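Owing to the predicted nature of the structure, the values given are computational and were not obtained by experimental measurement.
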Amino acid sequence: MEERTIPYKIYLEESEMPKQWYNVRADMKNKPAPLLNPGTLAPMTAEELGHVFCDELVAQELDDTTRFIDIPVEIQDFYKMYRPSPLVRAYCLEKKLETPAKIYYKFEGNNTSGSHKLNSAIAQAYYAKKQGLKGVTTETGAGQWGTALSMACSYFDLDCKVFMVKVSYEQKPFRREVMRTYGASVTPSPSETTEVGRKILAEHPGTTGSLGCAISEAVEAATQSEGYRYVLGSVLNQVLLHQSVIGMETKTALDKYGITPDIIIGCAGGGSNLGGLISPFMGEKLRGEKDYRIIAVEPASCPSFTRGKYAYDFCDTGKVCPLAKMYTLGSGFIPSANHAGGLRYHGMSSTLSQLYDDGLMEARSVEQTAVFEAAEQFARVEGILPAPESSHAIRVAIDEALKCKETGEEKTIVFGLTGTGYFDMVAYEKYNNGEMSDYIPTDEDLAAGLAGLPKVE
Ligand SMILES: *Cc1c(COP(=O)(O)O)cnc(C)c1O
């Protein structure tokens, strides 16, 4: 047995956990484009955003210059309950693949909500409480964000109203019950409880909903109720900021052992885990200190980066939200049924979109069956049952490790393992029964979505 100088799990001491979030925008020469008012097309002001979002979060959203932002002690304390998350050396996977590559993954699934989303949920709930609000509203697709937010709200004694995409509400009753156990109310979307929900139902009777619809409903519910604001679990700059704890912990852990990654990989839905994981590394890249290959992985069924357009678009189906410039498939794009629920958003973080447009990162799309093959291979040797979303990153990490096997290169690969798949067993069942499909939208499908982009010059 060769001697292992790197432990299986690199843990950090509590004292080594980040006390500040890192704001990668401060180091970007080309800043992400501002959110626009959909009526006037002028950049959204803090005052306008303040009707929808909590004040402190608006300030974070608009702050492109402050490099480090203090993490309030109350949030640090909550982080300590489930962080630092382990950085694991995938020795068993390396052996199975017979690759000379060194593979590490940062595992964010060790909390009840089962994913990285809790890192931002707790921050957003904290600022809502600090502002003296009664509660918050949100949408959830696959259910991870709603679960995380309901945990965070119960911790700070805030009311939490979740609009859950109807198909998930029906297919994932267990997530729904976790949310209710933490005290949240859960409404299947589109619903009759909002004006925009009624309108969508009238236009598309029998629709099983989408993230874009649920966002419209949650925003309406927040702006129509006194003492409520809307919170979002991905896409926004503030969410990437909170998720920077993933990358900072990863970097501290690697630095302890003098490890420099060659390739950093993450799945991308709205871009928050990837944005968080890469942030300190991207910072070094932007400042010209180091270079890394960074790869975003998305489902072939919802290919925002690889087949979308970099343009201003609506963030939601009901077109009630500000316009964001991002890689998008059009707010009217409804992806085919795909089991990576958390990756089904039509758009992408505007920060990551700008970085991608500037050639600072790559993107790859992968098909569903290949993703589940990777998930199964990983689970069988590493033990963790991965979330389908996370398994997109596993797929590309394995592909890169297999390339190293061919070339003999000993590259160091780091990827984000964002969550566990316990609530995704219907998807695993489909895979195990050989019933999984690999639907890829045609160019015509995509053209229809892109035709609905707003005209912004
Ligand atoms: C929500 C989710 C994602 C995708 O969201 P990002 O904002 O792109 O990170 C990925 N993995 C898991 C487990 C999720 O819950």
Using 4.0 Å as the upper bound for N to carboxylate O, is an ion pair formed by Lys102 and Glu410? yes
Check for a donor-acceptor pair, side chain of Lys309 on one end and backbone N or O of Leu450 on the other, with a separation under 3.5 Å. no
Validation row, ring centre Phe174 to ring centre Tyr422 under 6.0 Å: no
If you look at every heavy atom in Leu118 and Ser113, which pair is closest and at what distance? CB-OG, 4.0 Å
Identified side chain to side chain contact (heavy atoms under 4.5 Å, CB included) counterpart of Thr412 within the set Ile103, Ile259, Leu254: Ile259
Closest heavy-atom pair and its distance - Tyr439, Thr442: OH-N, 4.1 Å
Are the charged groups of Glu16 and Lys256 less than 4.0 angstrom apart, N to O? yes
Examine distances only and state if a side-chain atom of Glu298 and a backbone atom of Ala363 form a donor-acceptor pair shorter than 3.5 Å. no
Mark yes or no for whether Asp255, through its side chain, and Gly258, through its backbone, hold a donor-acceptor pair below 3.5 Å. no
Is Lys285 salt-bridged to Asp27, going by a charged N under 4.0 Å from an acidic O? no
Examine distances only and state if a side-chain atom of Arg25 and a backbone atom of Glu61 form a donor-acceptor pair shorter than 3.5 Å. yes
Pair Glu376 + Arg380, salt bridge at N-O below 4.0 Å: yes
In the structure I gave you, are the side-chain heavy atoms of Ile294 and Met282 within less than 4.5 Å of one another anywhere? yes
Has Asn432 got a side-chain atom pairing as donor or acceptor with Tyr428's backbone, closer than 3.5 angstrom? yes
Heavy atoms from other residues, nucleotides or ligands near CD of Glu289 exceed 12 (cutoff 6.0 Å): yes
Any carboxylate oxygen within less than 4.0 angstrom of a Lys/Arg side-chain nitrogen, looking at Lys172 and Glu177? no
Specify whether Trp21 and Tyr79 have parallel, tilted or perpendicular ring planes, treating 30° as the upper limit for parallel and 60° as the lower limit for perpendicular. perpendicular
Test salt bridge (Lys or Arg N to Asp or Glu O under 4.0 Å) on Glu400 and Arg293; report intermediate values, then the result. CA-CA 11 Å; Glu400 289 298 319; Arg293 268 185 74 200; 3.4 Å; yes
Is the closest basic N to carboxylate O distance between Asp399 and Arg395 below 4.0 Å? yes
